[in-house]
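Since this is a predicted model, take the numbers as computed values, not measurements.
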There are 2 protein chains.
Amino acid sequence: MPGIRVTIKDLAKRMNLSVSTISRALHNNPSIGEETTREVWKLAKQLGYLPNSVASNLRRRKTNMIGVIVPRIDITFHSYVISGVEEIAYKMGYNVTIYQSKDSLEREVAITGILQTNMVAGIIACLALETQNCSHFTRFNSLKVPLVFYDRVSNDLEASKVIIDDFDAAFRVTEHLIITGCKKIAHIAGCQTTSIFASRLEGYKAALLQYNIPFDPNMVCCATDLSYEEGSRCTRKLLKLADIPDGIFCANDYTAIGAIQMIKKSNLRIPEDIAVAGFSNYPVSTIIEPSLTTIDDRAFEMGKTAARMLIRQIEDRDVNIASETVVIKTDLIVRDSTKRAVATEAPKTLVRREK
Amino acid sequence: MPGIRVTIKDLAKRMNLSVSTISRALHNNPSIGEETTREVWKLAKQLGYLPNSVASNLRRRKTNMIGVIVPRIDITFHSYVISGVEEIAYKMGYNVTIYQSKDSLEREVAITGILQTNMVAGIIACLALETQNCSHFTRFNSLKVPLVFYDRVSNDLEASKVIIDDFDAAFRVTEHLIITGCKKIAHIAGCQTTSIFASRLEGYKAALLQYNIPFDPNMVCCATDLSYEEGSRCTRKLLKLADIPDGIFCANDYTAIGAIQMIKKSNLRIPEDIAVAGFSNYPVSTIIEPSLTTIDDRAFEMGKTAARMLIRQIEDRDVNIASETVVIKTDLIVRDSTKRAVATEAPKTLVRREK
DNA sequence: TTGTAAGCGTTATCAC
DNA sequence: GTGATAACGCTTACAA
């Protein structure tokens with residue numbers, strides 16, 4: 001910024017006051033006379049003075065910047081979370097800067113470095129798919145930079161978390177498929193080293209168990225990156241089985257859409273021949289035909305909650321809030337892709353088992 | 001950041017060297033002995049030293065931060081542009097921080113303040129829908145902070161621009177509809193105070209003219225926010241005309257999808273009864289049925305180009321590059337929503353008229 | 001109520 | 001090759 005900047009020094013000279021008086025006036029410090037304060041503000045406005053927050057941050061040894069690490073910004077879920085974070089952050093006087101890990105551990109590590117380097121006040125992060133070991137986040141403990149994880153979280157790190165109950169949500173989706181008459185339910189699963197996808201698989205298994213449907217490992221197909229393509233690939237595989245499924249629970253909406261497209265291509269009907277359910281309630285779920293039954297994961301809400309938790313920790317730092325975990329409630333959204341025969345059975349209460 | 005930070009002072013003390021030597025060594029300044037340099041790096045790594053860029057930015061009076069202002073992050077187009085910007089920026093050693101104007105002028109003005117306050121090195125922006133007057137951007141001229149606009153740009157501001165040729169693209173889409181046999185083509189337009197949407201309307205008109213199809217104002221419907229809902233609303237209106245259209249060119253993919261849904265609800269066939277084309281090539285355009293003919297606006301490319309232009313301006317500031325305008329080439333993507341009778345006419349060359 | 005001066009962590013300009 | 005030292009723009013004890 002090599003241009004001419006107006007600084008408090010300039011204001012001080014112009015008004016024959018010291019810089020400290022100017023600084024205090026601009027902060028509406030009560031020790032400064034009303035008259036002076038008003039005059040300072042007037043001149044500041046007139047000259048277009050804007051504080052240099054880089055200098056202020058350095059002096060105060062803290063910024064009002066919240067760093068957000070998302071895997072990818074162009075995944076609907078994360079862009080909604082970001083919107084939620086911003087909603088709260090701006091209201092509370094914080095800026096938000098967004099970094100994409102692209103699901104790469106290497107980039108994630110680099111980003112934590114940048115965040116430290118930039119003295120962020122706090123961090124909200126969703127772990128990269130590649131990340132197994134979170135040691136690159138531990139530095140923020142000693143720097144006393146609060147940390148809130150969302151969605152994909154780490155259990156071997158002392159930090160706050162905002163998650164949904166993936167187990168419960170998966171249980172309810174699977175149960176819904178069972179109640180609408182599915183007998184052979186497949187699951188297109190996410191990468192099992194990531195806890196949320198492991199929980200979704202567990203919830204699926206638990207529902208089968210509860211309704212006395214035997215679990216068949218052939219009915220589970222792992223989609224590495226949960227893309228449309230992977231959804232199609234897995235479905236093709238499932239349709240080649242001797243005994244094809246009559247229901248598929250997909251670990252996200254993208255794979256569900258891939259599944260629907262593949263099923264239609266195979267001239268099978270949805271939901272009559274195969275019912276399909278997804279996870280996340282992306283906008284496309286109402287556009288695909290048939291419209292997709294899915295779980296609304298409340299992404300915007302998650303972002304807002306994460307931001308609120310983080311800011312509380314930033315501001316009450318001395319009080320030293322123990323890290324907390326918030327579970328956001330999800331909703332099952334029933335659409336055409338599972339609207340089959342009328343329910344024959346009422347939902348059972350979920351008996352939660354230790355994980 | 002109230003935690004313990006390792007600074008160059010700490011390194012200096014430990015090694016009995018001056019801070020300047022440490023600083024130089026860490027920058028691999030050739031005036032420092034190889035041995036010393038190596039030792040400094042070793043200790044720095046060992047103690048987990050990371051430079052404080054806030055301090056460095058203050059001292060150098062510049063940051064390596066690029067501020068990006070997008071209307072909304074959860075619009076596919078913008079998230080792709082951002083990805084493009086990041087791709088280049090990170091490679092060149094710049095950080096990217098993203099701000100959402102939510103299409104509000106008030107927020108856009110506030111953001112420009114924050115960007116100045118944070119001493120960004122340069123700015124990439126897409127104007128908010130509400131923005132008519134860009135005077136809040138002029139401050140960056142005197143601050144010598146380079147500015148690159150993309151997509152929605154201002155003509156009364158001296159700044160670089162990355163745009164697509166909306167007129168040409170709209171001409172080609174409309175021409176495509178004509179060639180596939182449409183005789184009465186409607187246009188669902190965007191807000192006409194925004195130049196890109198005005199150009200799309202002009203391109204549409206130019207194509208009609210070229211093929212001797214009379215322009216009918218009733219065939220143009222303005223969708224204020226270009227959402228699904230607006231697309232449906234406009235289509236409903238068009239379908240109520242005495243003489244309904246046999247082709248609709250929509251100013252974006254969202255309205256096109258709303259149009260398709262409304263047409264199907266009215267038991268008309270696409271493309272046989274009405275052909276539909278969109279603009280932007282969003283992922284949903286392959287998911288909707290029928291798949292949507294559209295213009296690929298090369299969002300990712302746009303982001304990369306904007307970043308390259310900006311960084312060049314940042315780094316060659318003295319050379320004082322005149323602001324330039326780059327037009328990104330677009331592609332017409334033909335899909336099922338316009339695959340009607342075989343073409344009867346070859347495309348004509350576009351005769352551009354002065355706008 | 002206002003001023004003085006030190007310092008945040010770096011970098012840059014002199015010296016030696 | 002290395003070291004003092006000032007400065008970036010702001011905040012904040014401590015004085016006056």
Look at the side chain of A/R24 and decide which nucleotide, out of D/dC8, D/dA13, D/dT2, has an atom nearest to it.
D/dA13
What nucleotide among C/dT2, C/dG9, D/dC10 has an atom nearest to a side-chain atom of A/I8?
D/dC10
Do any side-chain nitrogens or oxygens of [X] fall under 4.0 Å of OP1 or OP2 in [N]?
X	N	answer
B/Y49	C/dT10	yes
A/S20	D/dT12	no
B/T36	D/dT2	yes
B/K9	C/dT10	no
A/S18	C/dG3	yes

Taking for B/L58 and for B/P30 the nucleotide of DNA chain D with the nearest heavy atom, the one nearer the 5' end belongs to B/P30
Between B/A55 and B/I32, which residue's closest nucleotide on DNA chain D lies nearer the 5′ terminus?
B/I32
In whole angstrom, give the distance that lies between atom [atom1] of [X] and atom [atom2] of [N].
X	N	atom1	atom2	answer
B/Q116	D/dG9	CD	P	13 Å
B/N118	D/dG9	CG	C1'	14 Å
B/R59	C/dA12	CZ	C1'	5 Å
B/N52	D/dG9	CG	P	17 Å
A/E35	C/dT2	CD	C1'	15 Å
A/H27	C/dT2	NE2	C1'	17 Å
A/L26	D/dC10	CG	C1'	11 Å
B/L17	C/dC16	CG	C1'	16 Å

What does [X] touch in the nucleic acid at a heavy-atom separation under 4.0 angstrom: a base, only the sugar-phosphate, or nothing?
X	result
B/T7	sugar-phosphate
B/S56	sugar-phosphate
B/S31	base
A/D10	nothing

Heavy-atom donor-acceptor pair, [X] side chain to [Y] backbone, under 3.5 Å:
X	Y	answer
B/S53	A/T117	yes
A/Q100	A/I73	yes
B/S101	B/D103	yes
B/S160	B/E324	yes

Please work out whether the ring planes of B/Y150 and B/F77 are parallel, tilted or perpendicular, with thresholds of 30° and 60°.
tilted
Is the shortest heavy-atom distance from the side chain of B/R60 to the side chain of B/M119 under 4.5 Å?
no
